[in-house]
Peer 1: 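Handing you this structure, nothing more for now.
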Amino acid sequence: MRSYSLIAPAKINLYLEIIGDRPDGYHELAMVLQSISLADQIDIRSIGIDAISVRCNHAEVPNDHTNLAYRAAALLTQEYPEAMAQFGGVEINIKKNIPIAAGLAGGSTDAAAVLVGLDLMWQLGLTQSELEVLGAQIGSDVPFCIQGGTALATGRGEELSPLKNLDNLYVVLAKHRHLGISTIWAYQTYRQQFSQTYISQAQDLETRQRRVHSGPMVSAIMHADGAAIGQLLHNDLEKVALPEHPQVLELREAFESQGVLGTMMSGSGPTVFALTASEAEALRVLEAVKTQIDNPELEFWTAKFVSTGIRLAQS
Ligand code: ATP
């Protein structure tokens, strides 16, 4: 095949705990990640010349080597130079539906789609875990974006343990159009303010990771208990993002006032999501919060929890 079309879902965090510093400069994390049906579409096509080109229908997404989708193709070219020699270069077309710099792993999922698509187009025959190891070189969220579903993520977020799939929950998402929070800013500010709470001993790390593994959030997921999951949502980065961005707090409070299962900022923000048990309830909450805050800068989406990561739209 000379072209593939892939669906690249966004993710939300149901749980994000910052455990400590790592020797490589990243944070040691314990997270629960969830794929949702809000997704980009990535089309890849073989071209005659040995080049990588990226196009995106969103003006703020770079079309050059800084695009994570470009970086994924460049990584595979570097690892498998004979594949590009045999099959030619690649044109990548990104149809962006996931808001950018939103805490929804939009760039990471595009990179994940390029890895999965090029593996097929260049007939590399890589396993999912081989693709995930390559993906971790591009970004910590890329392995999860390849795998998808519901998973516990530790380390930098690249060590995954799949959890029971949740496909009975819906989500309303909201974001201020011109508000972006840099992931680097959020983690650095957290380190400045809370590093005294970081663990310092290797054995403490194992204890903390085990606590999340056998903790109430994982148990609620195992029981597909939407109400408990909603009550147990947790994100340490809210401690730095909410005081700095009152608009995010306002959204969170507006969702709360609608009696949703739970509400929280996703990842490093600024997207806020609310969980509901049905699509009709998600749509009701969306309309109610839109009326309540009445700000034309606010964008809303509804989505469903999904159990897949990157998948083919058509073959
Ligand atoms: P995460 O949740 O993984 O922290 P995010 O959703 O907050 O990610 P992205 O949407 O991935 O953030 O975008 C962060 C920055 O990365 C953007 O400001 C953009 O300049 C750059 N970027 C590079 N490639 C892409 C891409 N394919 N899609 C979106 N942004 C990209």
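The structure presented is a predicted model; accordingly, all values stated were derived computationally and were not measured. Counting convention: from 1, in listed order, for ligands and their atoms alike.
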Peer 1: Nearest protein heavy atom to atom 4 (O) of ligand 1, by residue and atom, and its distance?
Peer 2: Thr183 OG1, 3.0 Å
Peer 1: Starting from atom 2 (O) of ligand 1, locate the nearest protein heavy atom and write down its residue, its atom name and how far away it is, to 0.1 Å.
Peer 2: Ala105 N, 2.9 Å
Peer 1: Which is closest to atom 12 (O) of ligand 1 by heavy-atom distance: Ala10, Ala101, Cys56?
Peer 2: Ala101
Peer 1: Just to be sure I read this right, does ligand 1 sit under 4.0 Å from the backbone of Thr66, its side chain, both, or neither, counting only heavy atoms?
Peer 2: backbone
Peer 1: Pairs of nitrogen or oxygen atoms closer than 3.5 Å, one from Ile100 and one from ligand 1: do any exist?
Peer 2: no
Peer 1: From the options Pro62, Gly106, Pro270, select the one whose nearest heavy atom is closest to atom 31 (C) of ligand 1.
Peer 2: Pro62
Peer 1: Checking Lys239 against Phe194: charged group under 6.0 Å from the ring centre and within 45 degrees of the axis?
Peer 2: yes
Peer 1: Which of the atoms of ligand 1 are close to Asp110, meaning less than 4.0 Å from one of its heavy atoms?
Peer 2: 26 (C), 27 (N), 28 (N)
Peer 1: In Å and rounded to the nearest 0.5 Å, what is the CD1 to CD1 distance from Ile42 to Ile92?
Peer 2: 8.0 Å
Peer 1: Drop me the distance from Leu283's CG to Phe300's CZ, to the nearest 0.5 angstrom.
Peer 2: 12.0 Å
Peer 1: As a test of the contact definition, would atom 26 (C) of ligand 1 count as having a protein heavy-atom neighbour under 4.0 Å?
Peer 2: yes
Peer 1: What distance do Glu91 atom CD and Arg55 atom CZ have between them, rounded to the nearest 0.5 Å?
Peer 2: 4.5 Å
Peer 1: Please test Leu261 against Leu169 for side chain to side chain contact (heavy atoms under 4.5 Å, CB included), starting from the C-alpha separation and ending with a verdict.
Peer 2: CA-CA 10 Å; Leu261 296 176; Leu169 287 174; 3.7 Å; yes
Peer 1: Looking at atom 16 (O) of ligand 1, would you say a protein heavy atom lies below 4.0 Å from it?
Peer 2: no
Peer 1: With a 4.0 Å heavy-atom cut-off (strictly under), which part of Asp141 contacts ligand 1: side chain, backbone, both or neither?
Peer 2: side chain
Peer 1: Need the ligand 1 atom indices (1-based, order shown) with element for anything under 4.0 Å from a heavy-atom of Ser108.
Peer 2: 3 (O)
Peer 1: With Ser129, which residues qualify under side chain to side chain contact (heavy atoms under 4.5 Å, CB included), at least two apart?
Peer 2: Thr127
Peer 1: Does the protein put any heavy atom within less than 4.0 Å of atom 23 (C) of ligand 1?
Peer 2: yes
Peer 1: Please identify which atoms of ligand 1 are closer than 4.0 Å to at least one heavy atom of Lys11.
Peer 2: 2 (O)
Peer 1: Tell me the protein heavy atom at minimum distance from atom 5 (P) of ligand 1, and give that distance in Å.
Peer 2: Gly103 N, 3.6 Å
Peer 1: May I ask you to list the atoms of ligand 1 that are less than 4.0 angstrom from any heavy atom of Asn67?
Peer 2: 23 (C), 24 (N), 25 (C), 26 (C), 27 (N)
Peer 1: Could you tell me whether Glu299 and Lys175 have a side-chain N and a carboxylate O separated by less than 4.0 Å?
Peer 2: no
Peer 1: Just checking, any donor-acceptor pair under 3.5 angstrom between side chains of Thr150 and Gln34?
Peer 2: yes
Peer 1: Under 3.5 Å, is there a donor on one side chain and an acceptor on the other for Gln188 and Gln192?
Peer 2: no
Peer 1: Under 4.0 Å from a heavy atom of Lys96: which atoms of ligand 1 are those, numbered in the order shown and with their elements?
Peer 2: 28 (N), 29 (C)
Peer 1: What residue and atom, counting heavy atoms only, is the protein's closest point to atom 11 (O) of ligand 1, and at what distance?
Peer 2: Gly107 N, 2.8 Å
Peer 1: In terms of the angle between their ring planes, are His245 and Trp185 parallel, tilted or perpendicular, with boundaries placed at 30° and 60°?
Peer 2: perpendicular
Peer 1: Please determine whether a side-chain nitrogen of the Lys or Arg among Arg252 and Glu238 lies less than 4.0 Å from a carboxylate oxygen of the Asp or Glu.
Peer 2: yes
Peer 1: Does Ala102 come within less than 4.0 Å of ligand 1, judged by its heavy atoms?
Peer 2: yes
